[in-house]
Amino acid sequence: MQKIVTGKVFVLGDNVDTDQIIPAQYLTFNPSIPDEYKQFGKYALSSVPPAQKGLPKGRIPFHTKDEFVSDYTIIVGGRNFGCGSSREHAPVALAAAGIQAVVAEFYARIFFRNCVNGGYLTPFESVDRLCEKVCTGDELRIDVVQGVMHNLTTKEEWRLKPLGEVAPILEAGGLFPFAQKAGIV
Amino acid sequence: MSAMTLTEKILARHADRDHVVPGDNIWINVDVLMTHDVCGPGTIAIFKSHFGGDKAKVFDRNKVVIIPDHYIFTADAMANRNVQVLRKFAAEQELPYYYDVGTPRYKGVCHIALPEEGHTRPGEVLLGTDSHTCTAGAFGEFATGIGNTDAGFVMGAGKLWVKVPPTMRFVFHGELPPYLMAKDLILAAIGDIGCDGATYKAMEFDGDGVYALNIEERMTLCNMVIEAGGKNGVIAPDQVTFDYVNARNAGQKPYTAAYSDKDANFCFEKVYDVGKLEPVVAKPHSPDNRATVREVKGTKLDRAYIGSCTGGKMTDFRAAASILKGKSVKIDTFVVPATSEIAQALKTERLNGQTLEEVFLSAGAKIGEPSCAACLGGPSDTFGRLNTPISCISTTNRNFPGRMGHKEAQVFLASPLTVAASAVGGVISDPRDAL
């Protein structure tokens with residue numbers, strides 16, 4: 001897990017479910033095959049309704065220069081991020097598109113687990129409702145050790161909740177390296 | 001020793017502990033791991049890469065169940081390739097419980113196939129690579145959905161870490177009126193607590209209104225707990241459960257039922273008088289966007305859909321047939337039996353002389369092959385998929401944007417009674433007017 005995450009933010013709203021993150025028609029790709037993994041990046045967030053895409057304005061494309069990888073590094077969302085289907089293809093799609101961290105008020109459980117155990121990206125929980133304070137395109141800097149997110153564009157800063165019990169798994173790089181270290185497998 | 005809920009007891013037992021409390025992180029032993037064609041190939045790849053490549057062996061071949069069900073009747077080459085991956089793996093691992101496409105063993109929707117084939121037992125732990133794995137809580141077990149990494153881990157290690165959830169209790173009292181179904185009860189509960197109201201929590205259902213339900217209706221209740229964010233849904237077993245399980249138990253495996261202690265601690269409790277509830281729908285685009293049918297009656301529809309793990313069981317089709325018998329549908333109506341066993345029963349079970357299949361066909365509905373079909377959209381040639389931004393009333397479980405295909409399609413979730421009445425009306429219609 002990186003100690004510092006920096007980059008442009010893409011802002012979404014509440015209850016972004018995993019069908020919006022990666023629609024079911026693309027689940028025929030196998031994420032363990034490199035050529036197919038790329039496709040998840042291409043179709044990431046493709047079912048988010050246009051008005052909800054890139055808040056506060058909306059109708060902002062997630063991909064600009066590259067059709068597989070987005071210019072954005074961080075997603076800020078609202079409540080219940082990643083609800084719905086258990087598909088691990090959802091954090092895979094975000095990671096394949098270049099997303100390194102999501103900051104949401106709270107997560108649906110399976111999505112959160114998949115982020116942590118798969119080691120794809122870091123799911124931070126915010127104290128404040130940041131999806132109404134941050135604008136798509138702002139430059140952010142997340143200091144993982146300090147638990148603080150800086151908005152380099154507006155010079156604001158907010159506290160993030162501690163990663164708590166999942167921190168050791170994220171630090172190990174996911175469930176397998178964590179379990180190996182702990183002598184479980 | 002303080003009292004425990006049913007969920008806590010099952011988790012404690014599977015962690016070889018006397019006691020657990022909500023919030024404990026524990027390693028639990030898994031009784032059954034289930035995967036399917038959408039998540040199986042990814043799971044298998046992760047399993048192999050960490051447990052010895054081509055030499056990798058599953059932790060127990062009798063505990064890994066593979067049920068292709070999502071993208072089966074499609075020309076999509078990738079989807080067909082994925083079934084091929086499962087087939088090869090099942091052969092190489094000599095898995096006795098693989099239900100292959102194109103053979104008499106083919107089943108259809110995994111959550112209905114699991115109990116039909118005897119893989120659900122009270123007191124057990126079932127993990128599956130599908131969020132609706134929670135359906136099996138209807139058999140008094142701990143059942144929840146997991147991702148590919150977790151499943152790849154379980155496939156090799158037979159265990160997984162879980163956080164013990166606090167339990168919410170939903171009590172339904174009274175006799176269910178003929179115009180209501182379990183779908184109305186769970187949509188009412190989700191509407192009350194919201195689609196994040198049970199996040200990280202167990203939902204236990206209790207009360208004479210629940211125990212009066214047959215096993216399929218209990219499955220509908222537990223099936224949709226994930227739509228409130230629930231980790232698992234559970235109903236303590238009674239004779240109805242034991243009769244069903246004992247008649248089908250694969251390998252006649254012994255099991256030990258668990259029950260919540262009388263003084264167990266529930267973090268929430270809500271009591272319903274089912275006689276006072278009404279037929280409801282979940283309006284677009286969220287399962288918690290509840291309205292009574294009375295409030296939305298007359299809303300124009302383009303399509304009706306009856307199927308899925310939520311609404312494609314015999315009880316669902318009996319209910320729909322009771323309304324469609326002798327009538328004609330006004331809108332395209334798709335009927336998809338969850339499993340091949342149900343598809344067969346539609347051809348044999350009769351309602352006033354006609355088979356249920358005849359009832360549906362003569363009403364003008366189309367009947368598809370058993371699978372998940374359009375519940376989650378899928379490849380564009382999927383039976384019943386919403387390929388254009390139309391309006392559909394459906395017995396399925398989710399109506400987030402794009403779930404059934406087109407991202408601007410409008411999906412209303414409702415009971416099979418309400419969906420059938422609406423198919424006849426061409427607009428959202430009240431089953432009380434049709435029965």
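Computed over heavy atoms, backbone and side chain alike; hydrogens, waters and symmetry mates excluded. We name chains A, B, ... by the order of the sequence lines, and we start the count at 1 in each one.
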Under 3.5 Å, side-chain donor or acceptor atoms of residues 193-200 of chain B against the rest of the protein: list the pairs with distances, not counting sequence neighbours.
residue	atom	partner	partner atom	Å
B:D196	OD2	A:R79	NH2	3.1
B:T199	OG1	B:D196	O	2.9

Under 4.5 Å from any heavy atom of chain B - which part of A:N117: both
For chain A, which candidate among B:T74, B:I226, B:D150, B:D130 shows the most heavy-atom pairs at distances under 4.5 Å? B:D150
Report yes or no: do A:N151 and A:T154 form a side-chain donor-acceptor pair below 3.5 Å? yes
Going by distance alone, is a donor N or O of one side chain under 3.5 Å from an acceptor N or O of the other, for B:R81 and B:Q84? no
So what's closer than 4.5 Å to chain B heavy atoms on A:V48: side chain, backbone, both or neither? backbone
Any non-hydrogen side-chain atom of B:P68 less than 4.5 Å from a side-chain atom of B:H36? no
Between A:S126 and A:D128, does any side-chain donor sit less than 3.5 Å from a side-chain acceptor? no
Select, from A:D14, A:I33, A:L27, A:V16, the one with the greatest count of heavy-atom pairs under 4.5 Å involving chain B. A:L27
So what's closer than 4.5 Å to chain B heavy atoms on A:Y120: side chain, backbone, both or neither? side chain
Between A:N30 and chain B, which part of the residue has a heavy atom less than 4.5 Å away: side chain, backbone, both or neither? both
Greatest number of non-hydrogen atom pairs under 4.5 angstrom with chain A, of B:N82, B:V85, B:D37, falls to B:N82
Structural part of B:I44 lying under 4.5 Å from a heavy atom of chain A: neither
Residue part contacting chain B, namely of A:T18, when any heavy atom lies under 4.5 Å: neither
For A:E88 and B:T149, test the side chains for any donor-to-acceptor distance below 3.5 angstrom and give the result as yes or no. yes
Within the 3.5 Å criterion, strictly below it, is a donor on B:T310 or B:N223 matched to an acceptor on the partner's side chain? yes
Select one option (side chain, backbone, both, neither) describing which atoms of A:E36 are under 4.5 Å from chain B's heavy atoms. side chain
Most contacts with chain B, counted as non-hydrogen pairs under 4.5 angstrom, among A:V185, A:N114, A:D17: A:D17
By the ring-ring contact (aromatic ring centres under 6.0 Å, His included) test, which pairs, at least two apart or in different chains, include something from residues 70-107 of chain A? A:F10-A:Y72, A:F40-A:H89, A:F81-A:F111, A:Y107-A:F112
In terms of heavy-atom pairs under 4.5 Å with chain A, the winner among B:H132, B:K159, B:K163 is B:K163
Can you say whether B:N148 sits under 4.5 Å from chain A via the side chain, the backbone, both, or neither, judging by heavy atoms? both
In terms of heavy-atom pairs under 4.5 Å, which option from B:G156, B:S380, B:G145 contacts chain A the most? B:G145
For a quick check under 3.5 Å, do B:T7 and B:N232 share a side-chain donor-acceptor pair by atom type? yes
Interchain contact, A:I110 with chain B, by part (heavy-atom threshold 4.5 Å): side chain
Does the distance from a Lys or Arg side-chain N to an Asp or Glu carboxylate O, for B:R290 and B:D192, drop under 4.0 Å? yes
Would you please classify the geometry between the A:Y43 ring and the A:F29 ring as parallel, tilted or perpendicular, with 30° and 60° separating the classes? parallel
Test ring pair (Phe, Tyr, Trp, His ring centres under 6.0 Å) on A:F176 and B:F153 and set out the steps. CA-CA 7 Å; A:F176 280 95; B:F153 188 92; 5.2 Å; yes
Do you know which of A:P49, A:S32, A:G84, A:P31 has the most heavy-atom pairs with chain B at a distance under 4.5 angstrom? A:G84
Does any heavy atom of chain A fall under 4.5 Å from the side chain of B:W27, the backbone, both, or neither of them? side chain
Against chain A, work out which of B:G377, B:G402, B:P41 has the most heavy-atom pairs shorter than 4.5 Å and name it. B:P41
Closest-packed option against chain B by number of heavy-atom pairs under 4.5 Å, given A:Q52, A:Q20, A:R87, A:R109: A:R109
Side chain, backbone, both or neither: which part of B:R398 has an atom under 4.5 Å from a heavy atom of chain A? side chain
